[in-house]
Amino acid sequence: MSKIKHNKKQLEAIHHLDGPLLILAGAGSGKTRTLTARIANIIESGKAKPFEVLAITFTNRAAREMRQRIEETIKTDTTDMWVLTFHAMCSRILRQHIEKLERGYTKWFSIYDDADSLAVLKVIASSLNLNTNYYSPQALRSHISTAKNALLDPEAFKLSMKDDFRAENIAQAYKMYEDELQKNNSLDFDDLLIKVLELFVSCPDVLSKYENRFKYIHVDEYQDTNVAQYEIIKALSATRRNVCVVGDEDQSIYGWRGADINNILDFEKDFLDAKVIKLEQNYRSTSHILDAANAIIKNNTDRKEKTMWTNRGKGIQTVFYKATTEREEAEYIYTEIKKMTVLGDYNLQDIAILYRTNALSRIMEDRFMRAGMSYAMYGGQKFYDRKEIKDLTAYLRCIVNPADEGALIRIINIPKRGIGATTVGRLRTIAQANNLTLRKAMHEEEKIADVMGSAARSKILGFSNMMDKLDEKRSFLSLVDFIEEVMNLCGMVDFYKAQKTEEAEGRLSNMGELLSAAREFVIENEDASLETFLENIALVSDIDSLKESRDHITMLTAHSAKGLEFPVIFTIGMEEGLFPHQRAMGSEEEMEEERRLCYVAMTRAMDRLYLTCSTGRLMFGTRRYNPLSRFIDEIPEELLNNTTPKPKVVDKSTFRKTATFNFTEFSQSRMKIKKSKKTKDKKELGMGDKVEHKKFGKGTIISISSSATGSVYTIAFKGEGVKELDGRYANLKKL
DNA sequence: GCGTGTGGGGTTTTT
DNA sequence: CCCCACACGC
């Protein structure tokens, strides 16, 4: 295996070790192989010891794979080589040094996930009396995250959005949120990055420790880094400048999360002497697939010129199929899979179903389940996001980090033990007045007696004693035994056992699964402890556990498919509003990101690619008629094999006819009345039509949905975003 | 403090 | 269509 052949460009990258290096690695160009070989080369040539190499990846799975491959190549132990994600790296640095920030953080800090952050923001929003129409907790969360990713503090953020009337309030919520997290000795995902930067600034010795250590730095999936991550890389590589970044701007799909595509587009501006190597040979896909993907991506303007090619041969055309209902779409896919597996062309594990949104997986799931065809789904409801698991980990967090009141409040009444909002409120008042944590305040029996009745008092006492007992047990129980003890002592096991419902049973078995996860964690990690286990839970996603060898179909979102490949790919729901997603309709930039996402999805395929859609689809309980995805139109006809039975040609005009037909079918008599009404004042409106609205200006109709009362148009307005308007009232002028 | 019913609102993607 | 938040009644 060590004598793997590399092409000329790859060899160049493998041997160019010193100075900044940008590898523009297109889809399927052997990026990981090259990176692995380069790291092996660094070690084997004696330029650095394993512990002096840093490799940052995007997912834990990628990190694990890379480490494995490096180990196979150099046949040396790599335990002390840092091959991890940005977040894991930052967490590791902070566990060691965060106390130097002198802001009250301890190394037992909790990591808040989205739900934890939202809970905090809900309280803040209501304490500020913010109108939730303008300030939903989600919106606040997203603004704060944007601010943090751009390295703006509340003050700077306020200035940056001074045109927005909400600036003042959002900045204030941001500030309060920061204070609350700090008080709770907690960091959210964005904080992990930011606090490391703060640490580097305030403690130059910490920075130089890592700067000296890491002689060679690698960043995979560089197109998905945000400003904070970029700054971390810059800081770590400032002296030696041995930084090698690998990425593909055409696969930048995390802009919504703060990833800045300019990091890759402008790398050469920041590192003037950067060597740039383009890997343009694709080893994965046949040319029919690659050409179709190229045809789509070339419609983007925000990219570097790059032409991917392959010598895998033409292969077969990309298959297109248009169903009339989502069930029929699922049926078609099922039949195709059945065909190819019965013929023995492919096994189930060779096949993946990709979709834009998790909601689309459901129909496929139904179909596979009915057929008894095994499948595995990734994404969606994550294991650690399940209520009972979050509750249990909240218990564990309370125990590790007594300052974590978010966690404490979450579980103080779980299972129900009669400690309601009023009691918690009173307890909080006591805590605040005496500058105590909630846990400590529970011991202030006299003060509690002043404001509460004996019933509430004894309930608090009971809870407090239980937590104290757990604290004690932690010191002598193993990780697994301790977690089991928490489950039993806190009462969750009894609570669910008593219910005797299927749902409760599921929750119990999930709790059992958590125990198994802990057991496995102990086996795999030398430094396993309650703290490291919790950290692992916070930073791991379920795509990380994707298994390869099992015989099942894989179902995942296009996002989580990044970095994977399958012989057969089905990309479903190729419809305007779904893929590209509605939310992207308003802006050209977001549309380009959708296109990149589509490119990512298509380039996962090695031999066979299917693109499917349905003219009608049940959404929100009503039937919707979405036009065909523009991405399908961007593929030249000769590259597409349209297997849709009736209408042979795929173009917009055919589509419109079909859509109207279904429309009428829905309720013919009513439709006639409506039509006559409508034609009275307006010309008929179809999908894709440009319209003008008095208030919102010019826009494009992206979908039409029918209800008993008439049709509702979903229209993307320039600069105004996407609106839903009732055809009966909205004064729409056809342009 | 808690259970029930209703009404309204909501589905992008994830470390 | 489903899941939540909220209000009400016990």
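Chain naming here is simple, since letters A, B, ... match the order of the sequence lines and numbering starts at 1 in each.
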P atom, B:dT13 versus C:dC4: distance in rounded Å? 16 Å
Specify the separation, in whole Å, of atom OH of A:Y355 and atom C1' of B:dT11. 14 Å
Counting side-chain heavy atoms from C-beta on, which of B:dG1, B:dT13, B:dT15 comes nearest to A:T557? B:dT13
Could A:K195 and A:Y105 be counted as a cation-pi pair, given that NZ or CZ must be under 6.0 Å from the ring centre and within 45° of the axis? no
Whole angstrom value for the distance that separates P of B:dT13 from CD of A:Q582: 14 Å
Candidates B:dT14, C:dC2, B:dT15 - which lies nearest the side chain of A:F189: B:dT15
Does OP1 or OP2 of B:dG1 have a side-chain N or O of A:T423 closer than 4.0 Å? yes
What's A:N413 touching, base or sugar-phosphate or nothing? Going by heavy atoms closer than 4.0 Å. sugar-phosphate
Separation of atom CD1 in A:I537 from atom P in B:dT14, rounded to whole Å: 20 Å
Can you find a side-chain donor-acceptor pair between A:D248 and A:Q223 that sits under 3.5 Å? no
Quiz question: by atom type and distance under 3.5 Å, do the side chains of A:S614 and A:E326 form a donor-acceptor pair? no
Verify the neighbour count for atom CZ of A:R92: are there more than 12 heavy atoms of other residues, nucleotides or ligands below 6.0 Å? yes
To the nearest 0.5 Å, tell me how far A:E221 CD sits from A:Y254 OH. 8.5 Å
Select one nucleotide: of C:dC2, B:dT14, B:dG1, the one nearest the side-chain heavy atoms of A:R362. C:dC2
Residue pair A:Y384 / A:D113, side-chain donor-acceptor N/O under 3.5 Å: no
Whole angstrom is fine here: how far is it from NE2 in A:H581 over to P in B:dT13? 7 Å
Using the side-chain heavy atoms of A:A359, tell me which of these nucleotides is nearest: B:dT11, B:dT14, B:dT15. B:dT11
Between A:L618 and A:D114, just flag the one whose closest nucleotide in DNA chain B comes earlier from the 5' side. A:L618
Using a 4.0 Å heavy-atom cut-off, does A:H87 contact any base of the nucleic acid, only the sugar-phosphate backbone, or nothing at all? base
Checking A:E535 against A:S91: is there a side-chain donor and acceptor pair closer than 3.5 Å? yes
For A:K459, which contact category applies under a 4.0 Å heavy-atom criterion: base, sugar-phosphate, or nothing? nothing
Judged by each residue's nearest nucleotide on DNA chain B, which is more toward the 5′ side, A:E593 or A:I419? A:I419
What is the distance from CG of A:L118 to C1' of B:dT14, rounded to the nearest Å? 14 Å
Salt bridge (charged side-chain N to carboxylate O under 4.0 Å, His left out) between A:D116 and A:K390, intermediate numbers included: CA-CA 10 Å; A:D116 298 318; A:K390 287 217 71 175; 3.6 Å; yes
Of the options C:dC2, B:dT13, C:dA5, whose atoms approach the side-chain atoms of A:N358 most closely? B:dT13
Using a 4.0 Å heavy-atom cut-off, does A:A558 contact any base of the nucleic acid, only the sugar-phosphate backbone, or nothing at all? nothing
For A:M619 and C:dC1, give me the distance from atom CE to atom C1', rounded to whole Å. 12 Å
Parallel, tilted or perpendicular: which fits the ring planes of A:W82 and A:Y210, with parallel below 30° and perpendicular above 60°? tilted
Can you check whether A:F58 stacks with the B:dT15 base, using ring centres under 5.5 Å and planes within 30°? no
C:dA5 phosphate, OP1 or OP2: any side-chain N/O from A:K122 under 4.0 angstrom? yes
Could you state the atom-to-atom distance from CG of A:L192 to P of B:dT14 in whole Å? 19 Å
Expected rows: protein N/O vs nucleotides 6-9 of chain B N/O, under 3.5 Å:
none

In terms of side-chain heavy atoms of A:T422, which of B:dG3, B:dG1, B:dT15 is nearest? B:dG1
Length of the line joining A:L187:CG and B:dT15:P, which is rounded to integer Å: 18 Å
